[in-house]
Protein chains: 2
Amino acid sequence: MSHSRIPEATVARLPVYLRALNSLLDAKISSCSSEELAASAGVNSAKLRKDLSYLGSYGTRGVGYDVEYLRYQISREIGLTQDWPVVIVGIGNLGHALANYSGFTSRGFRTVALLDADSNRHGELVAGLKIRGFNELSAIVHEHGVAIGVIATPAAAAQSVCDRMIEAGIRSVLNFAPTVLSVPDGVDVRKVDLSSELQILAYHEQRKAGLAAAEGTEESA
Amino acid sequence: MSHSRIPEATVARLPVYLRALNSLLDAKISSCSSEELAASAGVNSAKLRKDLSYLGSYGTRGVGYDVEYLRYQISREIGLTQDWPVVIVGIGNLGHALANYSGFTSRGFRTVALLDADSNRHGELVAGLKIRGFNELSAIVHEHGVAIGVIATPAAAAQSVCDRMIEAGIRSVLNFAPTVLSVPDGVDVRKVDLSSELQILAYHEQRKAGLAAAEGTEESA
DNA sequence: CTCAGTTTGTTCCCGCGTTCACAAACTCTT
DNA sequence: AAGAGTTTGTGAACGCGGGAACAAACTGAG
(Lines give C-alpha, C1' and ligand atoms only; values in the text may rest on other atoms or scores of the structure.)
Protein backbone atom coordinates (compact mmCIF):
# COMPACT_ATOMS: atom_id res chain seq x y z
CA MET A 1 0.00 0.00 0.00
CA SER A 2 1.30 3.42 -0.76
CA HIS A 3 -0.46 6.63 0.19
CA SER A 4 -3.69 5.53 1.84
CA ARG A 5 -3.09 7.51 4.99
CA ILE A 6 0.00 9.08 6.46
CA PRO A 7 0.16 9.80 10.21
CA GLU A 8 0.18 13.47 11.13
CA ALA A 9 3.50 13.22 12.94
CA THR A 10 5.07 11.80 9.81
CA VAL A 11 3.62 14.52 7.58
CA ALA A 12 5.18 17.12 9.87
CA ARG A 13 8.61 15.56 9.33
CA LEU A 14 8.47 15.17 5.55
CA PRO A 15 9.51 18.80 4.95
CA VAL A 16 12.56 18.24 7.13
CA TYR A 17 13.56 15.17 5.13
CA LEU A 18 13.01 17.08 1.93
CA ARG A 19 15.31 19.83 3.09
CA ALA A 20 17.98 17.32 4.08
CA LEU A 21 17.74 15.68 0.66
CA ASN A 22 18.13 19.04 -1.04
CA SER A 23 21.27 19.65 0.97
CA LEU A 24 22.66 16.30 -0.10
CA LEU A 25 21.88 17.10 -3.73
CA ASP A 26 23.66 20.44 -3.41
CA ALA A 27 26.67 18.50 -2.15
CA LYS A 28 26.48 16.25 -5.24
CA ILE A 29 25.64 13.20 -3.14
CA SER A 30 23.39 10.92 -5.16
CA SER A 31 22.80 8.09 -2.73
CA CYS A 32 22.51 7.71 1.03
CA SER A 33 21.54 5.31 3.79
CA SER A 34 18.72 5.83 6.27
CA GLU A 35 21.36 6.36 8.93
CA GLU A 36 22.98 9.25 7.06
CA LEU A 37 19.71 10.88 6.09
CA ALA A 38 18.37 10.52 9.62
CA ALA A 39 21.47 12.18 11.04
CA SER A 40 21.08 15.00 8.55
CA ALA A 41 17.45 15.46 9.52
CA GLY A 42 18.09 15.14 13.24
CA VAL A 43 15.94 12.07 13.88
CA ASN A 44 16.26 8.40 14.75
CA SER A 45 16.98 6.19 11.73
CA ALA A 46 14.21 3.74 12.63
CA LYS A 47 11.74 6.59 12.69
CA LEU A 48 12.95 7.80 9.34
CA ARG A 49 12.53 4.38 7.77
CA LYS A 50 9.07 3.95 9.20
CA ASP A 51 8.07 7.41 8.01
CA LEU A 52 9.29 6.69 4.49
CA SER A 53 7.58 3.31 4.49
CA TYR A 54 4.22 5.09 4.67
CA LEU A 55 4.96 6.61 1.27
CA GLY A 56 6.04 3.35 -0.32
CA SER A 57 9.17 1.28 -0.78
CA TYR A 58 11.49 3.75 -2.38
CA GLY A 59 14.76 2.38 -0.99
CA THR A 60 16.86 -0.64 -1.91
CA ARG A 61 17.85 -3.08 0.83
CA GLY A 62 21.56 -3.43 1.24
CA VAL A 63 22.07 -0.16 -0.65
CA GLY A 64 20.05 2.78 0.61
CA TYR A 65 18.05 5.54 -1.04
CA ASP A 66 18.59 7.37 -4.32
CA VAL A 67 18.59 11.00 -3.24
CA GLU A 68 17.04 12.49 -6.37
CA TYR A 69 14.36 9.81 -6.64
CA LEU A 70 13.39 10.05 -2.98
CA ARG A 71 13.35 13.81 -3.16
CA TYR A 72 10.91 13.65 -6.04
CA GLN A 73 8.66 11.15 -4.28
CA ILE A 74 8.43 13.25 -1.12
CA SER A 75 7.84 16.39 -3.17
CA ARG A 76 5.04 14.67 -5.01
CA GLU A 77 3.51 13.34 -1.81
CA ILE A 78 3.50 16.77 -0.17
CA GLY A 79 2.16 18.31 -3.33
CA LEU A 80 5.09 20.47 -4.32
CA THR A 81 5.10 19.34 -7.92
CA GLN A 82 2.35 21.87 -8.42
CA ASP A 83 2.46 25.56 -7.61
CA TRP A 84 0.54 26.88 -4.63
CA PRO A 85 -0.58 30.49 -4.87
CA VAL A 86 -0.58 32.24 -1.49
CA VAL A 87 -1.99 35.52 -0.21
CA ILE A 88 -0.55 37.34 2.77
CA VAL A 89 -2.82 39.60 4.79
CA GLY A 90 -1.35 42.17 7.13
CA ILE A 91 1.79 43.80 5.82
CA GLY A 92 3.30 45.08 9.04
CA ASN A 93 6.80 44.19 10.14
CA LEU A 94 6.10 40.48 10.07
CA GLY A 95 4.11 40.42 6.84
CA HIS A 96 6.87 42.42 5.22
CA ALA A 97 9.44 39.90 6.36
CA LEU A 98 7.33 36.98 5.16
CA ALA A 99 6.84 38.53 1.74
CA ASN A 100 10.61 38.82 1.37
CA TYR A 101 11.42 35.45 2.90
CA SER A 102 12.83 33.26 0.17
CA GLY A 103 11.75 29.99 1.73
CA PHE A 104 8.27 31.33 1.45
CA THR A 105 8.13 32.22 -2.20
CA SER A 106 10.32 29.54 -3.71
CA ARG A 107 9.88 25.78 -3.66
CA GLY A 108 6.32 25.34 -4.78
CA PHE A 109 4.81 28.43 -3.21
CA ARG A 110 4.17 31.71 -4.94
CA THR A 111 2.94 34.83 -3.19
CA VAL A 112 0.34 36.29 -5.53
CA ALA A 113 -0.94 39.17 -3.42
CA LEU A 114 -0.24 41.25 -0.34
CA LEU A 115 -3.28 42.76 1.35
CA ASP A 116 -3.58 45.31 4.12
CA ALA A 117 -6.44 47.17 5.75
CA ASP A 118 -4.48 50.43 5.90
CA SER A 119 -5.34 52.27 2.68
CA ASN A 120 -2.36 54.61 3.14
CA ARG A 121 -0.10 51.73 2.27
CA HIS A 122 -1.96 50.58 -0.84
CA GLY A 123 0.23 50.72 -3.91
CA GLU A 124 3.43 50.49 -1.91
CA LEU A 125 5.84 47.95 -3.39
CA VAL A 126 6.97 45.07 -1.18
CA ALA A 127 8.99 42.17 -2.58
CA GLY A 128 7.96 43.19 -6.08
CA LEU A 129 4.24 43.19 -5.30
CA LYS A 130 1.95 46.12 -4.77
CA ILE A 131 0.03 46.17 -1.50
CA ARG A 132 -3.66 45.97 -2.28
CA GLY A 133 -6.90 46.48 -0.39
CA PHE A 134 -8.45 43.77 1.68
CA ASN A 135 -11.69 44.04 -0.26
CA GLU A 136 -9.92 42.60 -3.31
CA LEU A 137 -9.43 39.31 -1.48
CA SER A 138 -12.31 37.44 -3.04
CA ALA A 139 -11.43 38.48 -6.59
CA ILE A 140 -7.79 37.49 -6.12
CA VAL A 141 -8.67 34.12 -4.62
CA HIS A 142 -10.92 33.31 -7.55
CA GLU A 143 -8.55 34.62 -10.18
CA HIS A 144 -5.52 32.64 -9.02
CA GLY A 145 -7.27 29.70 -7.36
CA VAL A 146 -5.70 30.52 -4.02
CA ALA A 147 -6.15 27.79 -1.39
CA ILE A 148 -3.70 28.99 1.25
CA GLY A 149 -3.87 32.24 3.20
CA VAL A 150 -1.36 33.70 5.63
CA ILE A 151 -2.55 35.94 8.48
CA ALA A 152 0.04 38.39 9.80
CA THR A 153 -2.33 40.96 11.24
CA PRO A 154 -2.69 42.12 14.85
CA ALA A 155 -4.59 39.68 17.06
CA ALA A 156 -7.73 41.80 17.13
CA ALA A 157 -8.22 41.56 13.36
CA ALA A 158 -7.25 37.92 12.87
CA GLN A 159 -10.60 36.19 13.35
CA SER A 160 -12.39 38.61 11.07
CA VAL A 161 -9.71 38.25 8.39
CA CYS A 162 -9.90 34.47 8.74
CA ASP A 163 -13.68 34.49 8.31
CA ARG A 164 -13.40 36.56 5.15
CA MET A 165 -10.71 34.25 3.80
CA ILE A 166 -12.89 31.20 4.29
CA GLU A 167 -15.84 33.01 2.79
CA ALA A 168 -13.69 33.71 -0.28
CA GLY A 169 -12.85 30.02 -0.65
CA ILE A 170 -9.56 29.60 1.20
CA ARG A 171 -9.36 26.32 3.04
CA SER A 172 -5.90 26.39 4.65
CA VAL A 173 -4.70 29.13 6.95
CA LEU A 174 -1.30 29.85 8.42
CA ASN A 175 -1.82 32.11 11.42
CA PHE A 176 0.89 34.29 12.92
CA ALA A 177 -1.46 36.35 15.05
CA PRO A 178 -1.48 35.48 18.76
CA THR A 179 -5.09 34.31 18.82
CA VAL A 180 -7.04 31.08 18.68
CA LEU A 181 -8.96 30.98 15.41
CA SER A 182 -12.24 29.14 15.16
CA VAL A 183 -13.01 27.69 11.75
CA PRO A 184 -15.62 25.29 10.30
CA ASP A 185 -14.84 21.65 9.52
CA GLY A 186 -12.80 21.10 6.40
CA VAL A 187 -10.59 24.14 7.02
CA ASP A 188 -7.06 23.60 8.30
CA VAL A 189 -5.33 26.09 10.54
CA ARG A 190 -1.73 25.99 11.61
CA LYS A 191 -0.39 28.58 13.97
CA VAL A 192 3.07 29.97 14.45
CA ASP A 193 3.17 31.43 17.91
CA LEU A 194 6.36 33.31 18.62
CA SER A 195 5.71 34.36 22.19
CA SER A 196 4.50 30.88 23.14
CA GLU A 197 7.77 29.45 21.92
CA LEU A 198 9.71 31.89 24.05
CA GLN A 199 7.58 31.08 27.07
CA ILE A 200 8.14 27.37 26.64
CA LEU A 201 11.88 28.00 26.56
CA ALA A 202 11.58 30.16 29.67
CA TYR A 203 9.78 27.39 31.51
CA HIS A 204 12.55 24.90 30.82
CA GLU A 205 15.20 27.47 31.58
CA GLN A 206 13.63 28.23 34.93
CA ARG A 207 13.42 24.54 35.68
CA LYS A 208 17.10 24.07 34.84
CA ALA A 209 17.98 26.94 37.16
CA GLY A 210 15.78 25.48 39.89
CA LEU A 211 17.43 22.09 39.63
CA ALA A 212 20.89 23.63 39.70
CA ALA A 213 19.99 25.56 42.84
CA ALA A 214 18.55 22.45 44.50
CA GLU A 215 21.75 20.57 43.70
CA GLY A 216 23.24 21.53 47.06
CA THR A 217 20.04 21.04 49.01
CA GLU A 218 19.26 17.50 47.83
CA GLU A 219 16.83 15.87 50.23
CA SER A 220 14.86 17.88 52.79
CA ALA A 221 14.34 16.35 56.26
CA MET B 1 1.90 17.45 44.70
CA SER B 2 2.48 20.63 42.81
CA HIS B 3 5.26 21.19 40.30
CA SER B 4 7.26 17.98 40.33
CA ARG B 5 6.99 17.42 36.61
CA ILE B 6 4.68 18.83 33.98
CA PRO B 7 4.15 16.94 30.70
CA GLU B 8 5.60 18.61 27.64
CA ALA B 9 2.23 18.80 25.90
CA THR B 10 0.83 20.66 28.88
CA VAL B 11 3.73 23.10 29.02
CA ALA B 12 3.10 23.95 25.38
CA ARG B 13 -0.50 24.88 26.19
CA LEU B 14 0.17 27.00 29.27
CA PRO B 15 1.01 30.10 27.18
CA VAL B 16 -2.32 29.72 25.41
CA TYR B 17 -4.19 29.58 28.70
CA LEU B 18 -2.24 32.56 29.92
CA ARG B 19 -3.26 34.56 26.88
CA ALA B 20 -6.89 33.57 27.32
CA LEU B 21 -6.77 34.66 30.96
CA ASN B 22 -5.28 38.00 29.96
CA SER B 23 -8.15 38.50 27.53
CA LEU B 24 -10.66 37.76 30.27
CA LEU B 25 -8.95 40.23 32.57
CA ASP B 26 -9.07 42.88 29.85
CA ALA B 27 -12.80 42.24 29.68
CA LYS B 28 -13.05 42.75 33.46
CA ILE B 29 -14.09 39.14 34.02
CA SER B 30 -12.77 38.03 37.39
CA SER B 31 -13.97 34.45 37.54
CA CYS B 32 -14.61 31.66 35.04
CA SER B 33 -15.35 27.96 34.73
CA SER B 34 -13.11 25.41 33.05
CA GLU B 35 -15.68 25.22 30.27
CA GLU B 36 -15.45 28.93 29.50
CA LEU B 37 -11.69 29.09 29.73
CA ALA B 38 -11.33 26.00 27.57
CA ALA B 39 -13.56 27.48 24.90
CA SER B 40 -11.51 30.65 24.97
CA ALA B 41 -8.29 28.67 24.58
CA GLY B 42 -9.69 26.36 21.92
CA VAL B 43 -9.31 23.09 23.84
CA ASN B 44 -11.41 20.44 25.53
CA SER B 45 -12.46 21.34 29.07
CA ALA B 46 -11.32 17.99 30.46
CA LYS B 47 -7.91 18.59 28.97
CA LEU B 48 -7.75 22.04 30.47
CA ARG B 49 -8.63 20.78 33.94
CA LYS B 50 -6.08 18.01 33.72
CA ASP B 51 -3.43 20.47 32.56
CA LEU B 52 -4.15 22.83 35.44
CA SER B 53 -4.16 19.97 37.92
CA TYR B 54 -0.46 19.44 37.19
CA LEU B 55 0.22 22.90 38.60
CA GLY B 56 -1.87 22.39 41.71
CA SER B 57 -5.45 22.84 42.85
CA TYR B 58 -6.08 26.46 42.04
CA GLY B 59 -9.81 26.19 41.34
CA THR B 60 -12.81 25.86 43.62
CA ARG B 61 -15.27 23.05 43.02
CA GLY B 62 -18.75 24.25 42.35
CA VAL B 63 -17.39 27.71 41.54
CA GLY B 64 -14.57 27.81 39.00
CA TYR B 65 -11.28 29.66 38.76
CA ASP B 66 -10.32 33.13 39.91
CA VAL B 67 -8.88 34.68 36.75
CA GLU B 68 -6.28 36.91 38.36
CA TYR B 69 -5.08 34.23 40.77
CA LEU B 70 -4.82 31.56 38.07
CA ARG B 71 -3.05 33.97 35.76
CA TYR B 72 -0.45 34.64 38.42
CA GLN B 73 0.05 30.94 39.13
CA ILE B 74 0.61 30.09 35.47
CA SER B 75 2.91 33.08 35.04
CA ARG B 76 4.93 31.94 37.99
CA GLU B 77 5.07 28.36 36.76
CA ILE B 78 6.31 29.42 33.33
CA GLY B 79 8.77 31.80 34.93
CA LEU B 80 7.34 35.10 33.75
CA THR B 81 7.50 36.72 37.16
CA GLN B 82 11.11 37.37 36.37
CA ASP B 83 12.53 39.19 33.38
CA TRP B 84 14.24 37.21 30.65
CA PRO B 85 16.90 39.09 28.69
CA VAL B 86 17.07 37.97 25.05
CA VAL B 87 19.54 38.53 22.24
CA ILE B 88 18.55 38.37 18.58
CA VAL B 89 21.20 37.44 16.04
CA GLY B 90 20.66 38.17 12.36
CA ILE B 91 18.87 41.45 11.74
CA GLY B 92 17.55 40.82 8.24
CA ASN B 93 13.89 41.14 7.38
CA LEU B 94 12.85 38.58 9.95
CA GLY B 95 15.15 39.74 12.74
CA HIS B 96 13.93 43.27 12.15
CA ALA B 97 10.33 42.13 12.48
CA LEU B 98 11.09 40.16 15.63
CA ALA B 99 12.83 43.11 17.25
CA ASN B 100 9.73 45.21 16.67
CA TYR B 101 7.22 42.52 17.55
CA SER B 102 5.49 43.56 20.75
CA GLY B 103 4.69 40.05 21.89
CA PHE B 104 8.39 39.45 21.85
CA THR B 105 9.59 42.30 23.99
CA SER B 106 6.75 42.63 26.46
CA ARG B 107 5.40 40.09 28.94
CA GLY B 108 8.51 38.96 30.71
CA PHE B 109 10.96 39.16 27.83
CA ARG B 110 13.32 42.02 27.11
CA THR B 111 15.47 42.26 24.02
CA VAL B 112 18.83 43.50 25.27
CA ALA B 113 20.86 43.32 22.06
CA LEU B 114 20.63 42.95 18.31
CA LEU B 115 23.65 41.41 16.62
CA ASP B 116 24.56 41.05 12.98
CA ALA B 117 27.61 39.85 11.09
CA ASP B 118 27.34 42.64 8.52
CA SER B 119 29.50 45.48 9.87
CA ASN B 120 27.85 47.96 7.49
CA ARG B 121 24.73 47.77 9.60
CA HIS B 122 26.42 48.23 12.96
CA GLY B 123 25.13 51.29 14.76
CA GLU B 124 21.86 51.30 12.85
CA LEU B 125 18.88 51.79 15.16
CA VAL B 126 16.20 49.09 15.17
CA ALA B 127 13.39 49.12 17.72
CA GLY B 128 15.38 51.53 19.84
CA LEU B 129 18.48 49.35 19.93
CA LYS B 130 21.74 49.78 18.06
CA ILE B 131 22.82 46.85 15.93
CA ARG B 132 26.09 45.54 17.30
CA GLY B 133 28.80 43.18 16.15
CA PHE B 134 28.57 39.47 16.65
CA ASN B 135 31.88 39.44 18.51
CA GLU B 136 30.23 41.32 21.36
CA LEU B 137 27.98 38.33 22.05
CA SER B 138 29.95 36.90 24.94
CA ALA B 139 30.30 40.23 26.74
CA ILE B 140 26.59 40.95 26.38
CA VAL B 141 25.57 37.52 27.60
CA HIS B 142 27.69 37.90 30.70
CA GLU B 143 26.69 41.47 31.37
CA HIS B 144 22.94 40.85 31.24
CA GLY B 145 22.85 37.20 32.24
CA VAL B 146 21.23 36.24 28.95
CA ALA B 147 19.92 32.67 28.86
CA ILE B 148 17.84 32.78 25.68
CA GLY B 149 19.10 33.46 22.15
CA VAL B 150 17.11 33.92 18.97
CA ILE B 151 18.64 32.93 15.62
CA ALA B 152 17.24 34.74 12.60
CA THR B 153 20.22 34.33 10.29
CA PRO B 154 20.39 32.55 6.93
CA ALA B 155 20.56 28.77 7.21
CA ALA B 156 24.24 28.62 6.36
CA ALA B 157 25.26 30.68 9.39
CA ALA B 158 22.85 29.19 11.93
CA GLN B 159 24.93 26.31 13.29
CA SER B 160 27.98 28.46 13.73
CA VAL B 161 25.97 31.17 15.49
CA CYS B 162 24.38 28.52 17.69
CA ASP B 163 27.77 27.12 18.67
CA ARG B 164 29.03 30.55 19.65
CA MET B 165 25.88 31.23 21.66
CA ILE B 166 26.31 28.06 23.66
CA GLU B 167 29.99 28.82 24.14
CA ALA B 168 28.97 32.19 25.56
CA GLY B 169 26.66 30.52 28.06
CA ILE B 170 23.25 30.56 26.37
CA ARG B 171 21.25 27.43 27.10
CA SER B 172 17.99 28.00 25.24
CA VAL B 173 17.75 28.75 21.55
CA LEU B 174 14.82 29.77 19.39
CA ASN B 175 15.75 28.99 15.80
CA PHE B 176 14.09 30.59 12.78
CA ALA B 177 16.70 29.42 10.28
CA PRO B 178 15.64 26.47 8.12
CA THR B 179 18.26 24.08 9.48
CA VAL B 180 18.54 21.32 12.03
CA LEU B 181 20.77 22.51 14.85
CA SER B 182 22.84 20.05 16.83
CA VAL B 183 23.49 21.00 20.42
CA PRO B 184 24.94 19.31 23.50
CA ASP B 185 22.78 17.90 26.30
CA GLY B 186 21.30 20.49 28.60
CA VAL B 187 20.64 22.96 25.80
CA ASP B 188 17.08 23.40 24.54
CA VAL B 189 16.28 24.27 20.96
CA ARG B 190 12.89 25.15 19.58
CA LYS B 191 12.44 25.82 15.91
CA VAL B 192 9.95 27.92 14.05
CA ASP B 193 9.89 26.59 10.53
CA LEU B 194 7.83 28.72 8.20
CA SER B 195 8.23 26.74 5.01
CA SER B 196 7.55 23.45 6.78
CA GLU B 197 4.27 24.83 8.02
CA LEU B 198 3.29 25.83 4.50
CA GLN B 199 4.25 22.41 3.17
CA ILE B 200 2.15 20.66 5.78
CA LEU B 201 -0.81 22.78 4.76
CA ALA B 202 -0.12 21.97 1.12
CA TYR B 203 -0.14 18.26 1.86
CA HIS B 204 -3.56 18.41 3.47
CA GLU B 205 -4.84 20.70 0.76
CA GLN B 206 -3.76 18.30 -1.93
CA ARG B 207 -5.36 15.45 -0.05
CA LYS B 208 -8.63 17.35 0.19
CA ALA B 209 -8.52 18.02 -3.55
CA GLY B 210 -7.75 14.38 -4.23
CA LEU B 211 -10.66 13.18 -2.16
CA ALA B 212 -13.00 15.65 -3.81
CA ALA B 213 -11.92 14.40 -7.23
CA ALA B 214 -12.33 10.76 -6.20
CA GLU B 215 -15.81 11.55 -4.95
CA GLY B 216 -17.31 10.61 -8.33
CA THR B 217 -15.10 7.57 -8.83
CA GLU B 218 -15.76 5.87 -5.48
CA GLU B 219 -14.76 2.22 -5.64
CA SER B 220 -12.59 0.84 -8.39
CA ALA B 221 -13.45 -2.63 -9.80
C1' DC C 1 -28.84 20.81 59.18
C1' DT C 2 -29.95 18.58 54.97
C1' DC C 3 -30.42 18.18 50.22
C1' DA C 4 -30.16 19.51 45.41
C1' DG C 5 -27.20 21.64 42.05
C1' DT C 6 -22.75 22.82 40.18
C1' DT C 7 -17.93 22.45 38.98
C1' DT C 8 -13.34 20.78 39.90
C1' DG C 9 -9.80 17.08 40.29
C1' DT C 10 -8.79 12.41 39.02
C1' DT C 11 -9.13 7.68 37.47
C1' DC C 12 -9.53 4.66 33.74
C1' DC C 13 -9.32 3.37 29.03
C1' DC C 14 -8.10 3.87 24.28
C1' DG C 15 -5.33 5.16 20.37
C1' DC C 16 -1.20 7.27 18.39
C1' DG C 17 3.69 7.59 18.03
C1' DT C 18 8.35 5.90 19.08
C1' DT C 19 11.70 2.44 19.44
C1' DC C 20 13.72 -2.13 19.33
C1' DA C 21 14.69 -6.06 16.98
C1' DC C 22 14.52 -9.01 13.18
C1' DA C 23 13.27 -10.99 8.74
C1' DA C 24 13.60 -9.92 3.80
C1' DA C 25 16.31 -8.47 0.03
C1' DC C 26 20.20 -6.68 -2.22
C1' DT C 27 25.62 -6.47 -3.35
C1' DC C 28 30.06 -8.21 -3.66
C1' DT C 29 33.76 -11.38 -3.08
C1' DT C 30 35.57 -15.83 -3.76
C1' DA D 1 26.90 -20.16 -7.40
C1' DA D 2 27.09 -19.64 -2.62
C1' DG D 3 27.88 -17.23 1.44
C1' DA D 4 29.16 -13.12 4.11
C1' DG D 5 27.99 -8.46 4.85
C1' DT D 6 24.66 -4.48 4.48
C1' DT D 7 20.64 -2.04 4.73
C1' DT D 8 15.67 -1.60 4.19
C1' DG D 9 10.93 -2.45 5.71
C1' DT D 10 7.96 -4.03 9.41
C1' DG D 11 5.95 -6.55 13.48
C1' DA D 12 5.57 -6.03 18.34
C1' DA D 13 6.16 -3.82 22.78
C1' DC D 14 5.97 0.29 25.34
C1' DG D 15 4.92 4.87 26.98
C1' DC D 16 2.56 9.29 26.50
C1' DG D 17 -1.41 12.09 25.66
C1' DG D 18 -6.56 12.72 25.08
C1' DG D 19 -11.27 12.14 26.44
C1' DA D 20 -15.13 10.29 28.93
C1' DA D 21 -16.98 9.50 33.22
C1' DC D 22 -17.18 9.78 38.03
C1' DA D 23 -16.18 10.95 42.87
C1' DA D 24 -15.06 14.87 45.88
C1' DA D 25 -16.07 19.37 47.39
C1' DC D 26 -18.27 23.69 47.40
C1' DT D 27 -22.73 26.89 47.26
C1' DG D 28 -27.21 28.04 48.35
C1' DA D 29 -32.06 27.29 49.46
C1' DG D 30 -35.39 25.68 52.69
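Chain naming here is simple, since letters A, B, ... match the order of the sequence lines and numbering starts at 1 in each.
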Legend entry - Non-neighbouring partners of A:Pro7 that pass side-chain contact (heavy atoms from CB on, under 4.5 Å), sequence neighbours left out: A:Thr10, A:Tyr54
Inset, instruction - Indicate, with yes or no, if the rings of B:Tyr69 and B:Tyr58 have centres closer together than 6.0 Å. - result: yes
Inset, instruction - Not counting sequence neighbours, which residues clear side-chain contact (heavy atoms from CB on, under 4.5 Å) with A:Leu25? List them please. - result: A:Val67, A:Glu68, A:Arg71
Legend entry - Rounded distance (Å) that lies between atom C1' of C:dG9 and atom NZ of B:Lys47: 17 Å
Legend entry - Whole-Å distance separating the CG atom of A:Leu52 from the P atom of D:dT10: 11 Å
Legend entry - Sub-4.0 Å heavy-atom contacts from residues 28-44 of chain A onto DNA chain D, ordered by number: A:Ser33, A:Ser34
Legend entry - Donor-acceptor pair (no angle test) under 3.5 Å: B:Lys50 side chain, C:dT10 base: no
Inset, instruction - With rounding to the nearest 0.5 Å, note down the distance linking CD1 in A:Ile151 to CZ in A:Phe176. - result: 10.5 Å
Inset, instruction - Could you please name the option among D:dT10, C:dG17, D:dA21 that lies closest to any side-chain atom of A:Arg49? - result: D:dT10
Legend entry - Value in whole Å for how far the P atom of D:dT8 lies from CG of A:Leu70: 11 Å
Inset, instruction - Please state whether the phosphate of D:dG18, meaning OP1 or OP2, lies under 4.0 angstrom from any side-chain nitrogen or oxygen of B:Arg13. - result: yes
Legend entry - Short side-chain to backbone donor-acceptor contact, A:His142 and A:Ser138, under 3.5 Å: yes
Legend entry - A:Tyr58 vs D:dT7: side-chain N/O to OP1/OP2 distance below 4.0 Å: no
Legend entry - Nucleotide C:dG17, atom P - distance to CG of A:Leu14 in whole Å: 13 Å
Inset, instruction - Quick one: list whatever passes side-chain contact (heavy atoms from CB on, under 4.5 Å) with B:Ser40, sequence neighbours left out. - result: B:Ala20
Legend entry - Which atom of A:Val187 lies closest to which atom of B:Lys208, heavy atoms considered: CA-NZ, 4.3 Å
Inset, instruction - Round to a whole Å and report the spacing from CD of A:Glu8 to P of C:dG17. - result: 8 Å
Protein-nucleotides 26-30 of chain D N/O pairs under 3.5 Å:
unit_1 : atom_1 : unit_2  : atom_2 : d
D:dC26 : O4'    : B:Arg61 : O      : 3.3

Inset, instruction - Using only side-chain N and O atoms of B:Tyr65, determine if any of them is under 4.0 Å from OP1 or OP2 of C:dG9. - result: yes
Inset, instruction - Could you pull out all residues at least two apart from B:Asp163 that satisfy side-chain contact (heavy atoms from CB on, under 4.5 Å)? - result: B:Gln159
Legend entry - Length of the line joining B:Leu48:CG and C:dT8:P, which is rounded to integer Å: 8 Å
Legend entry - Spacing between A:Asp51 atom CG and D:dT8 atom P, to the nearest angstrom: 14 Å
Legend entry - Whole angstrom value for the distance that separates C1' of D:dC16 from CZ of B:Arg5: 12 Å
Legend entry - Greater than 12 external heavy atoms within 6.0 Å of A:Glu35's CD: no
